[in-house]
There are 2 protein chains.
Amino acid sequence: MTALFERHRETLRAALDAAAKRDYWSAYSEIPSGKIYGETARDDGLAAYEARLATPFEMAGHPVQHRVGAEVSPYGPSLGISYPAASADALVSASRAAARQWASASVEARVGICLEILARLNAHSFEMANAVMHTTGQGFAMAFQAGGPHAQDRGLEAVAYAYAEMSRTPTEAIWTKPQGKSEPIVLEKHWRIVPRGISLVIGCNTFPTWNSYPGLFASLATGNTVIVKPHPAAILPLAITVEIIRQVLAEEGFDANVALLAADASGSEITKELVQHPAIAIIDYTGSGGFGDWVRAHAGNADVYTEEAGVNSIVIGATDNFAGMCGNIAFSLSLYSGQMCTAPQDIFVPRSGIDTDEGHKSFDEVAAGIALAVDGLLSDPARAAGVCGAIANPASLARVAEARSLGRVVRDSAPIEGLDDARTATPLILAVDAADEAAYGEERFGPIAFVVAVDDVADGVSRAALLAERKGAITAALYETSEARILAAADRFAEAGVNLSVNLTGGIYVNQSAAFSDFHVTGANPAGNASLTDAAFVANRFRVVMWRRPAAA
Amino acid sequence: MTALFERHRETLRAALDAAAKRDYWSAYSEIPSGKIYGETARDDGLAAYEARLATPFEMAGHPVQHRVGAEVSPYGPSLGISYPAASADALVSASRAAARQWASASVEARVGICLEILARLNAHSFEMANAVMHTTGQGFAMAFQAGGPHAQDRGLEAVAYAYAEMSRTPTEAIWTKPQGKSEPIVLEKHWRIVPRGISLVIGCNTFPTWNSYPGLFASLATGNTVIVKPHPAAILPLAITVEIIRQVLAEEGFDANVALLAADASGSEITKELVQHPAIAIIDYTGSGGFGDWVRAHAGNADVYTEEAGVNSIVIGATDNFAGMCGNIAFSLSLYSGQMCTAPQDIFVPRSGIDTDEGHKSFDEVAAGIALAVDGLLSDPARAAGVCGAIANPASLARVAEARSLGRVVRDSAPIEGLDDARTATPLILAVDAADEAAYGEERFGPIAFVVAVDDVADGVSRAALLAERKGAITAALYETSEARILAAADRFAEAGVNLSVNLTGGIYVNQSAAFSDFHVTGANPAGNASLTDAAFVANRFRVVMWRRPAAA
């Protein structure tokens, strides 16, 4: 039962080591190269994806009462895949039936299975890239990385932390209490890990695997059964995931229903029934703050871990690399057309301008510099398509159209050439004043950014931090040359519970968070009540139960 | 700022080592001896306690709008102490004002302060013993141990676990990501611990310190400010605690209002206002399940850790030490007159009797054996007073009176001789059938026990485990000679989330849980949603926030 644990032991050890040091480390290569994944991996992955299209997705032994599925690629075509679907009660019933055996497996058996699943998911990264690309609209390279190895790294991180917490308590110990001159009292004690129950993972449209894997793998490793509820527009990536989980479970002699897919149809979602079901003990949710409020209010005694939404800010005070700054910000605004929960929306710039290595730049020159950098980045349509991808949800396009009236247009949004069947939009950049909080003070999900005129950098930091405290924020960025101002901003953003990136000008972006080093979301402001992934994310997913008796003499 | 950390570093190290090994260990001696605590410690402690009586309890700088206090010793006399009291808003406001400085202290500074507080509490153990005795009714020896060193050990445990979790992430690291043939990307990253906000600790009448210290110290160590809401009948032990905390805080240059006392009066409690206050981020609650339901439903986004109530069971299948078993059970029933959350209430015995080292014993003989052992234990009035103590709440006496009609009286309850001004009651033992679930299936807090006739040991285990799942249970005990039946019971009670003690016949009792080895409450059944103390109890009390920037070349 622990052969898989032995097979992947070194990966687990390296993951724990990396998490303690927080230097760069990754178990799964982010480079979509044939040298790493096999010379035919790219073609095989595409073929595997295409073979899924226009057919029923079969899952042997999975509850099925009807079939659902209406995914349409943001790049145009319908996927035409139908998935097995069942009521909340039917899913809970199947999950319960699978629970006892999974709960009684050893920690090593479960962790070994999770590590094997991750290795197999890694081998399917090219297929997953296509599935993620055509459900989220991400460009291929990003879909490969974020949907594949980066998501797998986050899953591994959760498994590693869960293993660390579960193995903190020994499975047995001898307890010897001295009794003065009398014989000591000697007890033998035995501890075991007991799961919480059924874990519900509610996926989102834009990052179906990356945002779901931490909760999914944390719950599986700690002995809970899992019901995975994908967004109706992005079922395939999680269906493939659940398929691979079920394969490994079955091979290892477990009931495959330890992992279930709760596919449903837009307009008749079963999310609320599942959230309110008394058998659900853990909920991982990624999505809007509005529905997040509902989930937190209706989850009963279930523990709820959320990533919701927020307004991410950049504050510009000064820079010694104006071109690098503008280029870096341009990429952050353009990447996946601003549909990342980590993408900046508001760029606070002093009304009187800033000092740079190119001399003083006025507010308008800063705004224009960013706009020009976006134009340059996206001047080649193929690169624009790769960077921006397509728009997952038509509502985001509508928001771009509405947003044009919210300020002075510094750079207009436009469709991307050559992606004629796709929903696309390059970044819209608007200039507003700090007083126009109705414009920039709300999350406007999609390729919409505001350059906001403020008194000075301190005013910008204060407004950005307040926004984070009130509306939530996952990232913040600062450009500043004064060390004192940098440290003051670090204090203020820490108080607001936001991770801050300072003076990024090269090939790393505020949007990016690296597994084993960056905690994604702090859990300390309304953008989410939990962090991916830390000890708090895993330690509550199980309990420790003991029995003890006098030790045999 | 870290001198205190250095002073107590070895205690912290030993605590973490003990928690990892889970062998016996204690930082604070449970022996109320002059050799350990100083030859005059007992008299000094009594004098310090007596000096508190009939005077106002002053706390310099503490919010005070009026004064409250109507404590009456279960042994008779009124304490006559009045405490500073303020509205929920006034307390929250003072707590907020103290927050920023405390949050910005280093982990080592805060942990050092917590360890110093615990050392000073330890030095006050005799004073505390008197305070606990005369608010809870515990006998002196128990009040010393449970109110003093055992509570301090639990507090230390929370501090140690909090330190381990906070120091899991380095305060800084260099992150170097290779870029093939190009120069690597190198970032410097800085992490800090950010507290959740204001922590509310709601104490109980029977174990004001033991049950409060874990949450109190876990929250303090992790940088939260703390408002301690004692039970109106047991304010003094927590007032002394808060006084000592405030002394150390002030000496170290912090606002003493980091720790506040929310004293209130019976009938006009401010608990609900505090629980519902949006500034409260963490709630630790010990008390009834009914009010626990209310707290969990009205806490908003605050994290809630509870120890509520339950029905603890003993199941008897067979024993090779009938006298030892009866004596052990008798002590468990008598200790503090059954007012421990760990005290057994239901004793399941096969209808056809059991095999023992004294031959077969019928159901009635088992019940009589336990009753006789109680009689023997309590035959000496002085010992009876020491073991049973007094009844904290008059309602418990009333419950004993009402319970007499619930079954056949095997042993009647009676007052304890020589404690004429005290509220006392020895154990009432009733015989009932498994069918009489209305009698034994509810928690009947106080010295009330049922010997319940069941089909066999498996029936008893099943009923006890089901009761735990439905009503909650903190402890379970089993007497059995078959290894297979012991292991089956261990499985079943683990599934019900109850810690199980098997074949206890000597000087260790099912009621007792030892810091650094036994987890108190599993959090896995309705008796409580958290465990004292594990990683899950501390890891959510803080967040980790980062800032990063390109490393200087």
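Quick note on labels: first sequence line is chain A, next is B, and so on, each numbered from 1.
Residue contact with chain B, scored on non-hydrogen atoms closer than 4.5 Å, involves the backbone of A:Ile174 exclusively. Interface remark: A:Leu187 contributes side-chain atoms only to the contact with chain B (heavy atom separation under 4.5 Å). Of the atoms belonging to A:Leu478, not a single heavy atom falls under 4.5 Å from chain B. Interface remark: A:Glu30 contributes side-chain atoms only to the contact with chain B (heavy atom separation under 4.5 Å). The contact between A:Val194 and chain B is made entirely by side chain atoms (from C-beta outward), counting heavy-atom distances below 4.5 Å. For A:Arg548, the parts lying near chain B are the backbone and the side chain together; criterion is any non-hydrogen pair under 4.5 Å. Heavy atoms of B:Arg296 lying under 4.5 Å from chain A belong exclusively to its side chain. Heavy-atom distances place the backbone of A:Asn529, and not its side chain, under 4.5 Å from chain B. Of the atoms belonging to A:Val498, it is backbone heavy atoms, and not side-chain ones, that fall under 4.5 Å from chain B.
Counting heavy-atom pairs closer than 4.5 Å to chain B, the top-ranked of the candidates A:Asp303, A:Asn503, A:Asp491 is A:Asp491. If you tally non-hydrogen atom pairs under 4.5 Å between each of A:Ile508, A:Val304, A:Ile31 and chain B, the highest count goes to A:Ile508. If you tally non-hydrogen atom pairs under 4.5 Å between each of A:Gly497, A:Ala477, A:Ser517 and chain B, the highest count goes to A:Ser517. The greatest number of non-hydrogen atom pairs below 4.5 Å with chain B, out of A:His190, A:Gln179, A:Glu483, is found for A:Glu483. Taking B:Pro184, B:Ala173, B:Pro550, B:Gly507 one by one and counting their heavy-atom pairs under 4.5 Å with chain A, the maximum is reached by B:Pro550. Chosen from A:Lys189, A:Arg196, A:Lys21, the residue pairing most often with chain B at heavy-atom distances under 4.5 Å is A:Lys189. Among A:Ser182, A:Gly506, A:Ala490, the residue with the largest count of heavy-atom pairs under 4.5 Å with chain B is A:Ala490.
Nearest heavy atoms, A:Ala20 versus B:Pro170: O-CD, 3.4 Å. The shortest heavy-atom contact between B:Val502 and A:Arg549 is O-CB, 3.2 Å.
One distance of note links CH2 of A:Trp547 with CG of B:Leu487; it measures 5.5 Å at 0.5 Å rounding. A:Ser513 OG to B:Met546 CE: the interatomic distance, rounded to the nearest 0.5 Å, is 8.0 Å. B:Thr176 OG1 to A:Tyr24 OH: the interatomic distance, rounded to the nearest 0.5 Å, is 11.5 Å. Here the straight-line distance linking atom CG of B:Asp293 with atom CG of A:Asn301 works out to 8.0 Å at 0.5 Å rounding.
Between B:Glu165 and A:Arg168 there is a salt bridge, since a side-chain N of the basic residue sits under 4.0 Å from a carboxylate O of the acidic one.
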Let me see the working for A:Asn499 and B:Trp191 under side chain to side chain contact (heavy atoms under 4.5 Å, CB included), right down to the final yes or no.
CA-CA 9 Å; A:Asn499 291 322; B:Trp191 291 271; 5.9 Å; no
Before giving the answer on side chain to side chain contact (heavy atoms under 4.5 Å, CB included), spell out for B:Glu495 and A:Val545 the whole-Å C-alpha distance, their side-chain angles and the decisive distance to 0.1 Å.
CA-CA 9 Å; B:Glu495 198 176 6; A:Val545 183; over 6 Å; no
Take B:Arg543 and A:Phe519 through the side chain to side chain contact (heavy atoms under 4.5 Å, CB included) test and state the conclusion after the steps.
CA-CA 10 Å; B:Arg543 299 297 185 213; A:Phe519 297 101; over 6 Å; no
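Heavy-atom proximity under 4.5 angstrom to chain B picks out A:Ala535, A:Ala536, A:Ala539, A:Asn540 from residues 531-541 of chain A.
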